[in-house]
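Everything below concerns the one structure shown next.
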Amino acid sequence: MAEAYDVQEVERRWQARWRDEGTYEVENDDPRPPFYVLCMYPYPSGPAHMGHVRNYTFGDLNVRYRTMQGHGVLSPIGFDSFGLPAENAAIKQGVHPREFTDARIAELKASLTRLGAVYDWRREVRSHDPAYIHWTQWIFLRLLEAGLAYRKQAPVNWCPGCQTVLANEQVLADGTCERSGDLVVKRDLVQWFFRITQYADQLLDDLDSLDWPERVKVMQRNWIGRSEGAEFDLMAGDPSGKEIAIRVFTTRPDTSFGMTYVVLAPEHPLVPDLTTAGQRAAVDEFVARVSTESDIERQSTEGMLDKRGVFTGSYATNPFNRQQVPIYLADYVLMGYGTGAIMAVPGEDQRDWDFAQAYDLPIIPTVQRPEGWDGEAYTGDGVIINSQWLNGLTKADAIVKSIDWLEAEGIGERKVNYRLRDWLLSRQRFWGCPIPIVYCPDHGAVPVPDADLPIVAPDDVEFRPPGESPLQYHQGFLQTVCPRCGKPATRETDTMDTFVDSSWYFLRFTDPWNTEVPFDPAMAAHWLPVDQYIGGIEHAILHLMYARFFTKALADLGVAPPELREPFGRLFTQGMIRMDGSKMSKSKGNLVAPEQYFSTVGADALRLFHLFVGPPADDVDWTEETDKVIDGAARYLARVWRLAMGEVEAVEMPEATAPPGPPGSLERATHQLISRVSDDYARWSYNTAVAACMEFTNLLYKHVQAGTERASVKFAVDSLLLLLAPMVPHVTAELWERRHPGEHIHQRPWPTFDVERAAALTATMVVQVNGKVRDRMEVDARIGPDEMERMALASAKVQATLDGRTPRKVVTRPPKLVNLVV
RNA sequence: GCCCGGAUGGCGGAACGGUAGACGCGAAGGUCUCAAACACCUUUGUCCGAAAGGGCGUGCGGGUUCGAGUCCCGCUCCGGGCACCA
């Protein structure tokens, strides 16, 4: 290992200085143009892991780079400190979750400091801080008033072993609980929801305006799942002859003439009315069986189709052709999407086709198949057939005409449906933000008055192994009075999903001291949208969708600035760190602790490794070779150190060593480096920026060893240090101060280059014959096409290849390329 | 099944349609040293060749172009997301 300087001492000293001098603290009235850099605030699980290091290296680099560019940079951080692990630790070890969490936060903060990441620590936010709980609850109440929070009964994942509801993410692929291993069942409970679906259209449309990775936008679009179509009524008779309207949703009203049956979800409220006496036993048996199935079973494509549906005994009328069609129930129709009922068109839908085959139902094609079609259901485009007044139209025209007809007849209309569901925020957990609601026997769910906020969970609770929320048994917390009538009432004991906390923390950072409102809209308007948001791809859907929803809702409520439609203007998602093909994580036990590198090669070397190993967006494979690459990074920094400290001496170079270049060439190379590296920073190509610096360092060594004049070397080294400063902040700060006493490199402006002086004087001209390289020659960079052709033809190698032939075409791209075509 | 990515030396990776393999790791040789470590220098896609030089090379098959790792068409494999969404 290279040890040119005391890495530990230097890094510790600069970290202390940045903290003590408040180098990266910024005021809200800072006169410099504002720039907001934010990394997704971490869940505090203890000392940083490699994923954190990678994330915060990119973040810190941006903070320092933008600062050098002259911005007043807001660089805040906080901790997403509510969550399950702390509660599990409490159950297992008997520590209060807050104590446990605060200890983990202290560890993570220490890691971040040792990494050299700089923040305005005065703005630190923690989800579990009563001041933060206060405003999370306050926001909940505003959303409730606006009708954006509501209560309803919903099927949730219930783990019988843990006696609690689980989030979807906590249910494993085989339908069991990740903690107890019990089979998770569906249970109907009354839960709180946020009406995110009200913003479905905006959440979809506004994606276009964002500078985000395309794949994240695609994931969000798919998640929202907008589909356009029509909704209309089918009339059916119940067994007594009474008329019943069944509402169906379809994206293909053009195929309505091909409807040969109707399917309802087993939970559909009309099922009892539509079931005939003769079919009652079969229907009851089917509905009962489906209700005990888990989502996993129900949504599997396996299983006999003929056991997955049942005939109700009733018929409905297809309004298009007045035909009677049978009404079935099937588990593949979901109550939660559309109307919970569909018209089945087996000719143009594969699931309907399969079901029709299994139940021997007729299939009528309504779209002309292309020549040679031998598939089953046909979903492509084509001319409409078998459809009376729609015949001969294209699919698109037929959709329009059929909906117009439904509207004219008054039986249906145009309708847009979304896959997106409302956000279930209730959690039967202790370690989360309490939902500020009181249940009164007379007044029902009553909001806690603003003046009584925050509602904070008591400390004297007992955590018991089943994992049930102890709040339910804490009489002091549970028993209260109704804010409206003063009679005895009980508190809501559920807490909020931790995604609620992370949906507005970036707003709080702009004004974390505010005690009147969550934040001053003017402060939010000054800093937001976040100029550069950085985080893992795993948050591509939920966190980013929820935060976008909160921002829009709060803006509409006047809590946030009304013109703020999006929280994160530019997003970068970094790759994962993998080991043996799977993600590096605590649960897999394949963590590599950053601390061991901080204590040996140092933070700068580890940062440099992360920047150099490959494109930031790509995954990193951690292998046996990785330590050697990290050592290589440390070796490089030691090389820079010796260079900058004047410890590299002019030497008698071996004959074989290439001369470094003519006088003035080092200045030129320096201007070129500034140009190149600045460009790489702008496009997040840090791996090539590092490579360029390394290449330049190699060149500089040659110059110094060859005795190139001092002034050029000084300019070259200073420029190199400035370009490296955001990447390896400690060593560059130390070297700069030693070279320029009293100056601070991180307060220097970003270096600029002179276009004239960066321009190359000579170029390597490649001569091709029929596209194959035959010769290369050094030429004046201002060479013209004619001269290029003349020189190319003068080449002996080229003449040998031409073998007497005359080029019939000459392509020139001055000054780098000539292609002779024969 | 549908929707995104990706495939380049022994390895990580570079390459506005214009010198494929920058930079680093590893490997080989050398200088320094009593020796080692460190450091410094050189070489390093592959095949033929003593060399000069030449052939072949960016997952596979076609195409466009003076010229293709890059663009187009058709595949293969790998990774990710969504998955009875009507």
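Here the structure is a predicted model, which is why all the values come from computation and not from measurement.
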- [ ] Could you walk me through whether Thr312(A) and Tyr328(A) pass side-chain hydrogen bond (donor to acceptor under 3.5 Å, both in side chains), step by step?
- [x] CA-CA 6 Å; Thr312(A) 59; Tyr328(A) 279 75; over 6 Å; no

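- When distances run from any side-chain atom of Glu695(A) to the nucleotides C23(B), C56(B), C85(B), the shortest one goes to C23(B).
- A donor and an acceptor atom sit less than 3.5 Å apart, one in the side chain of Arg421(A) and one in the base of C85(B).
- Counting only heavy atoms from C-beta on, Thr250(A) has its side chain closest to A86(B) among C41(B), A86(B), G26(B).
- The side chain of Arg351(A) lies closest to A86(B), out of C41(B), A86(B), G81(B).
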Dump the pairs, protein N or O against N or O of nucleotides 47-51 of chain B, anything under 3.5 Å, distances to one decimal.
none

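- Here the side chains of Glu231(A) and Val248(A) are not in contact, with every heavy-atom distance at 4.5 Å or above.
- Residues from residues 218-229 of chain A that place a heavy atom under 4.0 Å from any atom of RNA chain B, listed by number: Val218(A), Met219(A), Ser227(A).
- In this structure, Lys415(A) atom NZ and A86(B) atom C1' are separated by 14 Å, rounded to whole Å.
- Spacing of C1' atoms, U8(B) relative to G12(B), comes out at 12 Å, to the nearest Å.
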- [ ] Go through the steps for Thr366(A) and Asp254(A) under the test side chain to side chain contact (heavy atoms under 4.5 Å, CB included), then give the verdict.
- [x] CA-CA 8 Å; Thr366(A) 59; Asp254(A) 58 310; 5.9 Å; no

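- Helical stems in RNA chain B, defined as runs of 3 or more consecutive Watson-Crick or G-U wobble pairs with both donor-acceptor distances under 3.5 Å, are listed by first residue as B:1-7 with B:76-82, B:10-12 with B:23-25, B:26-31 with B:39-44, B:45-48 with B:53-56, B:59-63 with B:71-75.
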Dump the pairs, protein N or O against N or O of nucleotides 43-46 of chain B, anything under 3.5 Å, distances to one decimal.
none

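- Between Phe355(A) and Trp353(A), a ring centre-to-centre spacing not shorter than 6.0 Å is recorded.
- No engagement by Tyr636(A) is indicated, since no non-hydrogen atom pair under 4.0 Å with the nucleic acid exists.
- A close approach under 4.0 Å does occur between a side-chain nitrogen or oxygen of Arg419(A) and OP1 or OP2 of A83(B).
- The two residues Gly338(A) and Phe249(A) come nearest to each other via the heavy atoms CA-CB, 4.3 Å.
- Comparing Lys809(A) and Glu214(A), the nucleotide of RNA chain B nearest to each residue sits closer to the 5' end for Glu214(A).
- At the heavy-atom level, Asp352(A) lies nowhere under 4.0 Å from the strands shown.
- Within 6.0 Å of atom CZ in Arg221(A), more than 12 heavy atoms from other residues, nucleotides or ligands are found, so the atom counts as buried in its surroundings.
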Table of protein N/O atoms under 3.5 Å from nucleotides 10-13 of chain B N/O atoms:
unit_1: G12(B); atom_1: O2'; unit_2: Val613(A); atom_2: O; d: 2.7
unit_1: G13(B); atom_1: O3'; unit_2: Asn687(A); atom_2: ND2; d: 3.4

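- Here A22(B) presents its P atom at 16 Å from CG of Leu699(A), a figure rounded to the nearest Å.
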TODO: Using the ring pair (Phe, Tyr, Trp, His ring centres under 6.0 Å) rule, take Trp223(A) and Tyr546(A) through it: C-alpha gap first, then chi angles, then the decisive distance, then the call.
DONE: CA-CA 12 Å; Trp223(A) 190 260; Tyr546(A) 293 152; 8.9 Å; no

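- Looking at heavy atoms from C-beta onward, Val811(A) lies in side-chain contact with Arg813(A) at the 4.5 angstrom threshold.
- Using P as the reference atom, A83(B) and C72(B) are 30 Å apart when rounded to the nearest Å.
- Looking at Asp680(A) and Thr688(A), their side chains do bring a donor and an acceptor atom within 3.5 Å of each other.
- Checked against C23(B), C66(B), C56(B), the side chain of Ala691(A) finds its nearest nucleotide in C23(B).
- Using a 4.0 Å cut-off between a side-chain N of Lys or Arg and a carboxylate O of Asp or Glu, Lys816(A) and Glu778(A) do not qualify as a salt bridge.
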Would you list the protein and nucleotides 17-20 of chain B atom pairs, both N or O, that sit under 3.5 Å from each other?
unit_1: G18(B); atom_1: O6; unit_2: Arg813(A); atom_2: NE; d: 3.1
unit_1: G18(B); atom_1: O6; unit_2: Arg813(A); atom_2: NH2; d: 3.1
unit_1: G18(B); atom_1: N2; unit_2: Gln768(A); atom_2: OE1; d: 3.4
unit_1: G18(B); atom_1: N2; unit_2: Asn819(A); atom_2: ND2; d: 3.4
unit_1: U19(B); atom_1: O2; unit_2: Arg776(A); atom_2: NE; d: 2.5
unit_1: U19(B); atom_1: O2; unit_2: Arg776(A); atom_2: NH2; d: 3.2

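- Looking at Tyr636(A) and Val690(A), their side chains never come closer than 4.5 Å, going by heavy atoms from C-beta outward.
- When the C1' atom is used for both G18(B) and C38(B), the distance is 43 Å, rounded to whole Å.
- Residue Arg215(A) qualifies as open at atom CZ: its count of foreign heavy atoms under 6.0 Å is 12 or below.
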Task: Pair Met259(A)-Leu234(A), side chain to side chain contact (heavy atoms under 4.5 Å, CB included): steps then yes or no - done: CA-CA 11 Å; Met259(A) 177 200 316; Leu234(A) 298 173; 3.9 Å; yes

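- In this structure, the nucleotide among G81(B), C66(B), G79(B) sitting nearest to the side chain of Arg578(A) is G79(B).
- For the 3.5 Å distance criterion, the side chains of Ser227(A) and Asn417(A) fail to qualify, holding no donor opposite an acceptor.
- In this structure, G53(B) shows a glycosidic angle more than 90 degrees from zero, which is the anti conformation.
- With a 4.5 Å cut-off on side-chain heavy atoms, Asn687(A) and Ser685(A) count as touching.
- Closest to the Arg774(A) side chain, of the nucleotides G24(B), G54(B), A86(B), is G54(B).
- The pair Arg683(A)-Asp679(A) counts as a salt bridge, with a side-chain nitrogen and a carboxylate oxygen less than 4.0 angstrom apart.
- Checking Asp354(A) against Tyr359(A) by side-chain atom types alone, no donor-acceptor pair falls below 3.5 Å.
- Each of Met694(A) and Arg683(A) was assigned the nucleotide of RNA chain B with the nearest heavy atom; the assignment lying further toward the 5' end belongs to Arg683(A).
- Checked against the 6.0 Å centroid criterion, the rings of Tyr337(A) and Tyr418(A) do not qualify as a close aromatic pair.
- Stacking of Arg639(A) on the aromatic ring of Tyr701(A) is recorded, both the 6.0 Å distance cut-off and the 45° axial limit being met.
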